[in-house]
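Note that ligands are numbered from 1 as they come in the structure, with each ligand's atoms numbered from 1 the same way. Since this is a predicted model, take the numbers as computed values, not measurements.
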Amino acid sequence: MKITFLGTSHGVPAADRYCTSIMVEAGDNVYLLDAGAPVINLLLQMGIDLKRLKAVFISHAHMDHVAGLPDLACLMSWYFTDTSADFLLSDGEYLDMLKKYIVAADGTVVDENRVRMTAIEATDVYDDGCIKVEFIPTKHMPADKPSFAFLVTEKASGKKLFFSGDLSNRLKKEDFPEILSKERTDAFICELAHISLDDLAPHLETCLAQTVYFNHVFPVEKYEDIAALKAEKKYEFEIVAPDDGAVYEV
Ligand SMILES: [Zn+2]
Ligand SMILES: [Zn+2]
């Protein structure tokens with residue numbers, strides 16, 4: 001499986017970083033984890049055939065994770081009519097608002113046969129034969145709003161990718177996903193805006209990931225902390241701090 005960081009910024013974009021979005025390629029299929037970047041523009045710029053896009057997974061409804069979604073869903077509905085994808089959204093209220101917004105803004109009714117939007121339940125498993133995605137609730141949002149991390153398994157290779165989404169402030173709600181110390185993962189994409197490396201330290205000590213990618217980094221001075229941690233060689237896993245456009249084979 002191949003991952004491309006389309007956007008690595010936190011809540012605010014920067015001159016060289018869009019907000020969070022990761023493209024996953026498995027076999028011929030393309031998937032998106034969050035859509036905070038202008039995803040349809042980026043897919044087209046990269047020459048990705050939009051017919052390869054099979055699903056979009058949204059961790060939570062904050063703007064830096066969804067801003068590129070209306071354009072993608074709208075254009076798939078009225079222009080790119082040979083496309084078809086599942087949109088698994090964290091939040092049923094957001095899902096309803098998104099459909100209404102696309103109608104209000106554009107006069108376009110989402111084509112529900114091809115742009116299939118559903119609200120994620122923690123007990124759901126997405127499985128299209130190519131990848132399996134499990135949804136792990138986090139406590140990033142206020143109590144009445146859901147948020148999720150994702151465990152993506154490429155079925156042919158067994159490779160596993162864990163995407164943290166956003167977590168609670170300083171992990172005070174103890175929502176660091178336990179699965180990371182119970183199961184080997186090939187790639188762990190970890191947000192670093194609401195938490196520090198110190199907050200993470202006890203969890204990293206038991207983390208069974210092969211490579212940890214720090215993403216959604218705020219403030220940017222934390223990139224120096226990441227470089228220092230990498231130089232320390234304290235952990236067995238590899239540490240990476242991707243920029244926009246970075247591509248990795250998992
Ligand atoms: Zn965020
Ligand atoms: Zn957030």
Side-chain angles (χ1 to χ4, degrees), residues 3-24 31-39 42 56-72 87-98 101 117 119-122 133 135-152 161-177 180 187-200 203 212-223 225-226 240-246:
I3 53 175
T4 302
F5 286 81
L6 303 180
T8 57
S9 199
H10 53 90
V12 183
D16 54 352
R17 293 181 195 274
Y18 290 120
C19 289
T20 295
S21 183
I22 292 139
M23 178 173 77
V24 176
Y31 305 90
L32 294 175
L33 309 180
D34 283 348
V39 288
L42 294 170
V56 180
F57 303 93
I58 297 294
S59 66
H60 65 294
H62 277 158
M63 201 61 83
D64 59 320
H65 298 255
V66 301
L69 204 54
D71 209 14
L72 175 66
F87 286 61
L88 288 96
L89 310 182
S90 57
D91 184 330
E93 186 187 3
Y94 171 70
L95 186 160
D96 292 339
M97 295 301 289
L98 176 63
Y101 170 66
M117 294 188 184
I120 296 168
E121 299 288 340
V133 180
F135 305 101
I136 294 92
T138 61
K139 295 176 181 170
H140 172 62
M141 299 291 264
D144 58 335
K145 284 270 186 192
S147 61
F148 295 94
F150 304 137
L151 176 62
V152 181
L161 160 68
F162 194 94
F163 174 67
S164 73
D166 284 2
L167 298 167
S168 66
N169 227 7
R170 308 216 62 189
L171 298 177
K172 280 185 182 152
K173 296 183 191 166
E174 298 182 351
D175 56 346
F176 187 87
L180 287 158
F188 169 32
I189 300 173
C190 184
E191 73 116 324
L192 209 60
H194 305 91
I195 48 184
S196 67
L197 289 173
D198 286 343
D199 299 327
L200 272 177
H203 303 288
V212 177
Y213 303 78
F214 288 112
N215 184 55
H216 197 273
V217 176
F218 176 80
V220 290
E221 288 74 19
K222 280 184 185 167
Y223 281 108
D225 302 339
I226 296 167
V240 185
D243 295 322
D244 282 22

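- When every heavy atom of N215 is checked against every heavy atom of T8, the shortest pair comes out as OD1-CA, 3.2 Å.
- K145 is linked by a side chain to side chain donor-acceptor pair (under 3.5 Å) to D91, E93, counting only residues two or more places apart in sequence or in another chain.
- Ring-plane geometry between F162 and F188 is classed as perpendicular, the angle between the planes exceeding 60 degrees on a 0 to 90 degree scale with a lower cut at 30.
- Partners of D64 under the side chain to side chain donor-acceptor pair (under 3.5 Å) rule, at least two apart in sequence or in another chain, are H216.
- Each protein N/O/S atom under 2.8 Å from the Zn ion (ligand 1) was counted, for a total of 4.
- In this view, S168 and D175 satisfy the side chain to side chain donor-acceptor pair (under 3.5 Å) rule, not counting sequence neighbours.
- The aromatic rings of F135 and F57 sit tilted, their planes meeting at an angle between 30° and 60°.
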